[in-house]
There are 2 protein chains.
Amino acid sequence: MTLMKSARTSQTPEIEEVAKKEGIDPDRLRKLISTGRVVIPQNPKHSPKPIGIGESLIIKVNANLGSSPDHVDINEELEKAKVSVEYGSDTIMDLSTGGDIDLIRRRILKEINVPLGTVPIYQAGLLAAKKGSLIDMTEDDMFNGIEKHAKDGVDFMTVHCGVTMEGARLIRDSGRKVGVVSRGGSWLVSWILHNGMENPLYSNFDYLLEMAKEYEFTISLGDGLRPGCIADATDAPQLQELIVLGELVKRARKADVQTMVEGPGHVPLNQIEANVRIEKTVCDGAPFYVLGPLPTDIAAGFDHLAGAIGGALAGYYGADFLCYVTPAEHISLPTIDDVKQGVIGTKIAAHVADLARGKDWERDLKMAEARKSLDWDEMFKYVFDPKMAKEKRKKSKPKLEDTCSMCGDVCAIRLANELVR
Amino acid sequence: MTLMKSARTSQTPEIEEVAKKEGIDPDRLRKLISTGRVVIPQNPKHSPKPIGIGESLIIKVNANLGSSPDHVDINEELEKAKVSVEYGSDTIMDLSTGGDIDLIRRRILKEINVPLGTVPIYQAGLLAAKKGSLIDMTEDDMFNGIEKHAKDGVDFMTVHCGVTMEGARLIRDSGRKVGVVSRGGSWLVSWILHNGMENPLYSNFDYLLEMAKEYEFTISLGDGLRPGCIADATDAPQLQELIVLGELVKRARKADVQTMVEGPGHVPLNQIEANVRIEKTVCDGAPFYVLGPLPTDIAAGFDHLAGAIGGALAGYYGADFLCYVTPAEHISLPTIDDVKQGVIGTKIAAHVADLARGKDWERDLKMAEARKSLDWDEMFKYVFDPKMAKEKRKKSKPKLEDTCSMCGDVCAIRLANELVR
């Protein structure tokens with residue numbers, strides 16, 4: 001029995017644990033899970049600590065990592081996973097496409113106890129590429145990849161079930177500026193157009209649901225047709241795919257399978273609210289997992305900052321789960337430091353959104369108190385990277401211990417503490 | 001005759017130059033300046049290149065720099081000014097409070113040709129502190145400081161004219177968490193409460209206007225009572241000061257003096273729209289110059305990123321001028337690299353807001369084209385720090401020259417270019 005099915009009739013320990021952590025009523029959370037508005041991705045073969053994603057909960061953050069055909073170093077990927085968790089990432093996705101990807105996935109599953117997500121079509125595509133070409137991928141390759149990941153204990157999987165023949169046609173005829181930038185999406189559009197056949201992940205969605213039930217993994221419906229630049233945002237192919245995803249969400253819920261929906265991508269700031277609202281209507285409140293969004297195309301090198309702008313706004317309007325963006329986005333595979341910067345930037349964005357929705361004020365209130373009393377040790381307890389902040393202060397030491405080198409003895413707070421009573 | 005007065009009857013070369021740069025009708029810009037909705041801060045003694053700030057224009061960015069009592073290095077401050085301009089800061093403010101602040105200001109005025117702003121009350125306060133205590137500052141000290149800066153050629157000055165006895169009383173009785181965090185604001189509140197007298201910058205505002213007319217500097221009405229934490233945001237003292245500023249804006253316009261209004265500060269994301277809207281109503285569309293805003297209190301070390309989130313949203317809702325925040329905010333005086341990071345982060349925020357208001361799309365469209373054609377040299381033309389982005393790519397070289405090390409030969413765009421036609 002899946003968690004979603006159990007939740008329909010009775011309370012479970014995972015739900016109670018999440019409810020406690022989130023400070024919400026366990027029975028309310030149970031109902032949110034039973035109706036598909038919250039998911040707890042947890043494959044029994046992995047059994048990570050339970051994390052709730054969705055309506056009424058604190059916004060969660062995901063960090064992507066993994067090898068590429070150009071760069072394979074399993075220890076580096078493990079280190080990225082550890083750094084991500086250390087700086088507060090709630091989940092990890094292993095997107096490896098280079099080297100022994102089975103080994104990398106299994107090592108991460110063994111060593112990391114937050115929910116792990118993958119994109120199993122990479123497995124299928126790489127297998128097909130080895131035999132000749134990506135577009136010779138068979139239906140069996142696709143489902144075998146998924147089953148392999150499920151058996152390994154992957155907690156949630158991105159599956160691009162919403163990329164259909166109709167979507168591929170729309171893409172071909174759309175005059176999009178940057179076409180398709182999702183790897184899975186690009187592979188499937190190419191596959192559909194080349195083979196003249198429907199996407200098996202769509203036509204055999206029921207088979208996927210059977211597997212998800214059997215192995216108890218959460219489905220994350222990928223946005224294979226997401227825009228690759230702000231000029232392509234919120235266009236017909238993107239919306240057509242979203243409508244398909246909305247239908248699939250309903251089918252998944254009928255089958256008691258936990259499901260999230262992925263979203264863009266590149267979206268100008270004035271379209272972010274609309275993107276969240278329509279996901280919530282079309283997909284009936286399914287948890288919304290956004291990639292960024294990036295509200296400009298020209299921030300390469302600083303895309304973690306651009307992504308934080310977009311992510312904070314998306315979260316404020318109701319996105320539930322923010323996929324990080326690192327400073328390496330659009331340039332290269334991220335380094336360990338890029339991963340750290342990406343996690344922290346996205347955590348700040350999520351926190352800003354939570355605050356704006358009236359949640360998670362405690363740390364900020366304590367920081368305000370510490371600032372008022374010029375208590376530096378206390379201040380460093382609440383920042384995202386205490387070590388870095390302390391070093392920064394140390395390098396520019398103030399003459400008066402209770403001030404900082406910005407204002408020294410003309411510190412506004414210090415003077416006000418003395419004179420304004 | 002001030003620029004504002006000239007603009008009422010005839011076109012001027014500065015206005016024409018700004019209109020051309022902004023791509024708007026010169027006569028429309030002339031009207032916006034004559035009604036005080038746009039300012040061009042330009043002291044004839046400095047004559048920097050004209051920059052328009054306000055309604056219908058591209059959002060501008062300011063970088064603060066200057067010595068502190070704890071750290072004085074004139075060459076470092078000059079270098080900060082140069083780096084700021086190099087990375088796109090439209091104006092500079094010299095907030096020096098340490099060492100020979102006259103010398104620092106004059107050197108910057110000599111070497112930098114963007115508008116320079118200062119906060120002359122620092123001059124008055126430091127003089128008084130030398131003689132005994134900040135709160136012994138006299139009215140003459142205050143106005144003499146302003147005149148000295150005006151004579152030196154300062155283009156715009158922050159003057160905390162809206163901090164009144166009533167504001168000081170509200171602060172004292174407000175139970176604010178962090179009291180006053182503006183230096184000028186804190187000094188004046190202390191001064192008012194200690195001396196039991198009205199703020200001379202308020203009671204003798206007409207004298208200030210005479211000076212502004214004579215020397216032709218733009219007044220930036222400081223927000224001395226801005227909140228110092230998100231819990232204090234949009235409270236009574238802040239709004240009381242804003243109402244006073246609205247009245248002063250009207251008096252300044254009657255005297256033909258260009259005027260901006262400064263705004264917070266620490267503001268949760270859900271209050272940013274309201275903050276911009278009320279400034280625009282209460283101050284009748286005067287250019288709004290925001291400091292951040294920071295939508296969380298706990299991002300020290302990453303406040304440039306938090307400020308970019310707040311600044312982008314403020315700009316989208318109508319803020320005209322964003323004061324940068326650096327990664328050193330709340331920790332120390334910024335280093336040269338902090339200044340660079342602050343400028344770039346704020347430029348990204350301003351650009352994100354401009355895009356969302358339908359402006360400045362060209363670079364993003366060209367970037368989208370370059371990405372589609374995998375033209376890396378072209379891509380690097382549009383980023384905010386091309387040198388850094390190129391080095392990042394070089395350090396993680398892809399095997400195939402047209403891809404990057406993120407996806408290598410399984411690049412989504414590359415495959416789509418081949419197969420989706």
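Chain identifiers are assigned alphabetically (A, B, ...) following the order of the sequence lines, protein sequences preceding nucleic acid strands; residue numbering begins at 1 within each chain.
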*Asks:* Under a 4.5 Å heavy-atom cut-off, does chain A meet the side chain of M367(B), its backbone, both or neither?
*Replies:*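 Just its side chain gets close to chain A.
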*Asks:* Measuring heavy-atom distances to chain B, does P334(A) have an atom under 4.5 Å in its side chain, in its backbone, in both, or in neither?
*Replies:* side chain
*Asks:* Quick one: what part of H71(B) sits under 4.5 Å from any heavy atom of chain A, side chain, backbone, both or neither?
*Replies:* neither
*Asks:* Can you see whether Y122(B) has R183(B) sitting over its ring - NZ or CZ less than 6.0 Å from the centre and within 45° of the normal?
*Replies:*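 Yes, R183(B) sits over the ring of Y122(B).
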*Asks:* Rounded to the nearest 0.5 Å, what separates atom CG in L305(B) from atom CZ in F302(B)?
*Replies:* 8.5 Å
*Asks:* Testing the 3.5 Å rule here: is there a donor-acceptor pair between the side chains of T326(A) and D303(A)?
*Replies:*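 There is no such pair (donor and acceptor under 3.5 Å, judged by atom type) between the side chains of T326(A) and D303(A).
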*Asks:* Taking the basic N atoms (NZ, or NE/NH1/NH2) and the acidic carboxylate oxygens, is any pair closer than 4.0 Å for E362(A) and K366(A)?
*Replies:*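 Between K366(A) and E362(A) there is a salt bridge, with a charged N closer than 4.0 Å to a carboxylate O.
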*Asks:* Looking only at heavy atoms and a cut-off of under 4.5 Å, which of M388(A), R176(A), R357(A) has the most pairs with chain B?
*Replies:*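 The option with the most such pairs is M388(A).
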*Asks:* Among I413(A), I309(A), I135(A), which residue forms the greatest number of heavy-atom pairs with chain B at distances under 4.5 Å?
*Replies:*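 Maximum pair count with chain B is reached by I309(A).
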*Asks:* If you count heavy-atom pairs under 4.5 Å with chain A, which of I192(B), V352(B), V383(B) comes out on top?
*Replies:*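 Answer, by heavy-atom pair count under 4.5 Å with chain A: V352(B).
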*Asks:* Mind ranking L269(A), I298(A), D297(A) by heavy-atom pairs under 4.5 Å with chain B and telling me who comes out on top?
*Replies:* I298(A)
*Asks:* Charged N to carboxylate O under 4.0 angstrom, K392(A) versus D338(B)?
*Replies:*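 Salt bridge flag = yes for D338(B) with K392(A).
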*Asks:* Of the listed residues (A129(A), S67(A), A231(A), C229(A)), which shares the most heavy-atom pairs with chain B below a 4.5 Å separation?
*Replies:*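 Among A129(A), S67(A), A231(A), C229(A), the one with the most close pairs to chain B is A231(A).
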*Asks:* E329(B), R363(B), K395(B): which one forms the most heavy-atom pairs within less than 4.5 Å of chain A?
*Replies:* R363(B)
*Asks:* With a 4.5 Å cut-off on heavy-atom pairs, point out which of P268(B), G125(B), S332(B) contacts chain A the most.
*Replies:* S332(B)
*Asks:* Relative to chain A, which of G185(B), A368(B), G301(B), A356(B) shows the most heavy atom pairs under 4.5 Å?
*Replies:* A356(B)
*Asks:* Taking only residues two or more places apart in sequence, or in another chain, which ones meet R393(B) in a side chain to side chain donor-acceptor pair (under 3.5 Å)?
*Replies:* none
*Asks:* Side chain, backbone, both or neither: which part of L126(A) has an atom under 4.5 Å from a heavy atom of chain B?
*Replies:*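 Interface part for L126(A): side chain.
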*Asks:* Determine which pairs satisfy salt bridge (charged side-chain N to carboxylate O under 4.0 Å, His left out) with at least one residue from residues 380-390 of chain B, sequence neighbours left out, and list them in order.
*Replies:*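 Listed once each, the pairs are K340(B)-D385(B), E378(B)-K381(B).
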*Asks:* Any donor and acceptor pair, going by atom type alone, linking the side chain of D73(A) with main-chain N or O of E76(A) inside 3.5 Å?
*Replies:*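 Indeed, once roles are kept as given, a pair shorter than 3.5 Å links the two residues.
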*Asks:* Of all of L134(A), I344(A), T97(A), which one pairs up most often with chain B through heavy atoms under 4.5 Å apart?
*Replies:*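 Of L134(A), I344(A), T97(A), I344(A) has the most heavy-atom pairs under 4.5 Å with chain B.
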*Asks:* What is the distance from atom CG of L65(B) to atom CG of L95(B), rounded to the nearest 0.5 Å?
*Replies:* 7.0 Å
*Asks:* With a 4.5 angstrom heavy-atom cut-off, could you sort out which part of Y382(B) is near chain A: side chain, backbone, both or neither?
*Replies:*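 Both parts, heavy atoms under 4.5 Å.
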*Asks:* Quick check on S373(A) against chain B: is it the side chain, the backbone, both or neither that has a heavy atom closer than 4.5 Å?
*Replies:*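 Neither part.
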*Asks:* Would D409(A) and T403(A) satisfy side chain to side chain donor-acceptor pair (under 3.5 Å), going step by step from the backbone distance to the final call?
*Replies:* CA-CA 7 Å; D409(A) 61 1; T403(A) 66; over 6 Å; no
*Asks:* Determine the option with the most heavy-atom pairs under 4.5 angstrom with chain A, choosing from A308(B), G358(B), A389(B).
*Replies:* A308(B)
*Asks:* Under 4.5 Å from any heavy atom of chain B, what part of Q271(A) do you find: side chain, backbone, both or neither?
*Replies:* neither
*Asks:* Which one of I230(B), V181(B), V178(B), I348(B) has the most heavy-atom pairs closer than 4.5 Å to chain A?
*Replies:*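 Winner by heavy-atom pair count: I230(B).
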*Asks:* In terms of heavy-atom proximity below 4.5 Å to chain A, should H330(B) be classed as side chain, backbone, both, or neither?
*Replies:* both
*Asks:* Under a 4.5 Å heavy-atom cutoff, which of R371(A), K397(A), K347(A) has the most pairs with chain B?
*Replies:* R371(A)
*Asks:* For the side chain of K399(A) and the backbone of P69(B), is there at least one donor-acceptor N/O pair under 3.5 Å apart?
*Replies:*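 Yes, K399(A) side chain to P69(B) backbone: donor-acceptor pair under 3.5 Å.
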*Asks:* Short question: side chain of W187(B), backbone of A412(A) - any donor-acceptor pair under 3.5 Å?
*Replies:*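 No, W187(B) side chain to A412(A) backbone: no donor-acceptor pair under 3.5 Å.
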